[in-house]
Amino acid sequence: MATKNFSILFVASEVEGLIKSGGLADVAKALPEALLELDQDVRLTLPAYRKVNGIESAPVLLETKLEHWPHTEYKVRELTAAGVKAYAIDCPQYFDRPEMYAENNQAYQDNGERFAFFSAACLDMLPKLGFQPDIIHANDWHTGFVPFLLKHRYGNDAFFAQTKSVISIHNAVFKGVFSYDELQCLPEFHGRYAPDAAVSTTHVTMLKAGVMNADKINAVSPTYAEELKTQLGSHGMAAEFQSRADDLVGILNGCDYSAWNPETDPLLPANYQADEASMVEGKSACKRELQKRVGLQVRDVAMYGMVCRLTNQKGVHYLLPILSQFLNNDVQVVVVGTGDPVLASQLKEVEALHSDKFKFIEAYDNGLAHLVEAGSDFFLMPSEFEPCGLNQIYSMAYGTLPIVRGVGGLKDSVHDFDTDPQVATGFVFLEPEPTALLLTMQRSLLLYAQQLSEIRRVQLYAMQQNFCWNKAAQEYIKLYQQAFQY
Ligand code: GLC
């Protein structure tokens with residue numbers, strides 16, 4: 001249990017319930033909520049994008065101007081997310097746009113300036129709001145300049161003398177690389193080479209700036225924390241992560257069971273719990289609804305689901321070469337997602353050839369995601385890399401056995417059937433090869449066809465796993481405590 005109550009500013013570029021594009025938003029909602037439940041004084045901050053729920057009517061707490069930034073006025077508006085107070089930084093020239101990061105797959109040209117502004121404003125607003133946090137908790141590249149500016153701009157500022165910073169790494173493949181020219185808004189970069197942010201004589205990365213300047217760093221799973229220190233798994237930042245090894249830990253994300261619980265999920269046609277009769281009946285009803293919804297024949301057949309961003313990170317390129325061959329079996333497969341147009345068109349080609357067994361739904365659809373989780377027997381997550389991954393955790397809660405590559409958080413959360421059936425919660429393969437995925441899918445199908453009772457037992461065991469945020473939040477509190485132990 002916590003020995004000290006911290007005041008914490010949790011800084012994220014998206015927060016579920018207000019605005020979301022991916023897993024970062026889930027964490028930015030659930031972790032502050034869990035910290036609040038542990039009696040921490042936690043507040044959130046995010047940019048006031050046009051699409052943030054309720055932004056227009058949110059009360060203005062502050063109207064001010066960013067110091068050290070030419071002519072940039074901004075407001076701070078107050079919202080709440082899962083009971084946590086959220087400060088939305090409202091600067092129309094940067095955030096009053098149709099999207100958060102990109103339009104038509106084109107990143108906004110001034111993303112460097114936008115997120116530098118956001119990071120700088122997060123710190124600028126604090127004395128003006130009279131909120132003096134012990135911990136400023138940044139997340140991913142968008143907020144990497146928060147630890148950097150805390151040290152370089154506010155290093156001698158009495159207001160921040162007792163403030164420590166933490167950065168969580170949700171995905172280090174995205175680094176926020178910008179030229180000094182693009183970042184002239186920051187006086188820190190005027191005619192100066194900043195070694196703790198630089199990747200070359202001309203460019204800096206915001207992630208590096210965060211990693212090199214935060215007091216503590218965490219990756220969203222223990223295995224990802226280890227991978228980040230290797231050439232192969234660090235996405236090119238091994239030297240930086242190695243140099244910070246003493247301050248780098250891994251904390252596995254939790255599951256927001258208020259949103260992902262088959263017993264209460266309002267997005268399902270039938271609810272069910274972890275007893276065999278209820279699970280079998282509930283999952284069958286969900287499977288029938290899924291088949292109807294996507295246009296597959298309604299019948300009792302092994303169902304494989306996948307919901308993801310269409311990127312190579314998620315291993316779509318391992319699935320594509322073997323999908324047709326797998327579809328020769330008596331199975332149905334549903335893939336839901338948006339992203340890379342090339343991967344989307346390849347999935348459509350497979351669908352055209354096997355439309356009786358395979359559906360690709362090119363959509364970002366939360367309701368359908370819940371239905372796929374509940375109505376499938378197996379869930380595909382053959383990721384090339386996976387900092388944590390949340391869908392495998394949702395799958396287990398829904399009694400849907402994840403088929404994963406044993407990397408990052410997938411390795412930390414799923415136990416392979418063949419390795420030890422008694423504690424198994426899914427199927428794991430290692431080689432980054434389509435054939436390794438195919439063999440593992442065949443392995444799962446064989447068990448389904450020949451030993452359905454074993455599948456049922458493993459499903460029930462998976463449903464009983466508990467990845468609660470409360471436990472993760474306690475580990476974060478320990479990390480905050482360590483930030484003060486020098
Ligand atoms: C990113 C990672 C994913 C992780 C999520 C939340 O989206 O790709 O693995 O679960 O962040 O931490």
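In this chain, numbering begins with 1 at the start of the sequence shown. Quantities reported herein were computed from a predicted structural model and do not represent experimental measurements. Whatever order the structure lists them in is the order used to number ligands and atoms, beginning at 1.
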### Query
What pairs meet the salt bridge (Lys or Arg N to Asp or Glu O under 4.0 Å) rule with one or both residues in residues 371-390, with sequence neighbours excluded?
K287-D377, K314-E386
### Task
Could you tell me whether E99 and K51 make a salt bridge, using a distance below 4.0 angstrom between a side-chain N and a carboxylate O?
yes
### Query
Between L252 and A472, which heavy-atom pair has the shortest distance, and what is it?
O-CB, 3.6 Å
Which pairs of N or O atoms, one from ligand 1 and one from the protein, are separated by less than 3.5 Å, and what is the distance for each pair?
| from | atom 1 | to | atom 2 | distance (Å) |
| --- | --- | --- | --- | --- |
| ligand 1 | 8 (O) | Q313 | NE2 | 3.1 |
| ligand 1 | 9 (O) | E386 | OE2 | 2.5 |
| ligand 1 | 9 (O) | C388 | N | 3.0 |
| ligand 1 | 9 (O) | G389 | N | 2.9 |
| ligand 1 | 10 (O) | G389 | N | 2.8 |
| ligand 1 | 12 (O) | H170 | ND1 | 2.7 |
| ligand 1 | 12 (O) | N253 | ND2 | 2.9 |

Would you mind writing out the side-chain donor-acceptor pairs for residues 140-148 within the sub-3.5 Å range, not counting sequence neighbours?
| from | atom 1 | to | atom 2 | distance (Å) |
| --- | --- | --- | --- | --- |
| D140 | OD1 | H170 | N | 2.7 |
| D140 | OD1 | N171 | N | 3.2 |
| H142 | ND1 | S13 | OG | 3.2 |
| T143 | OG1 | N139 | N | 2.7 |
| T143 | OG1 | N139 | O | 2.8 |
| T143 | OG1 | D140 | O | 3.1 |

### Task
Verify whether the ring centers belonging to F379 and Y394 lie closer than 6.0 Å.
no
## Note on the structure
Quick note, salt bridge (Lys or Arg N to Asp or Glu O under 4.0 Å) partners involving residues 465-475, not counting sequence neighbours, are none
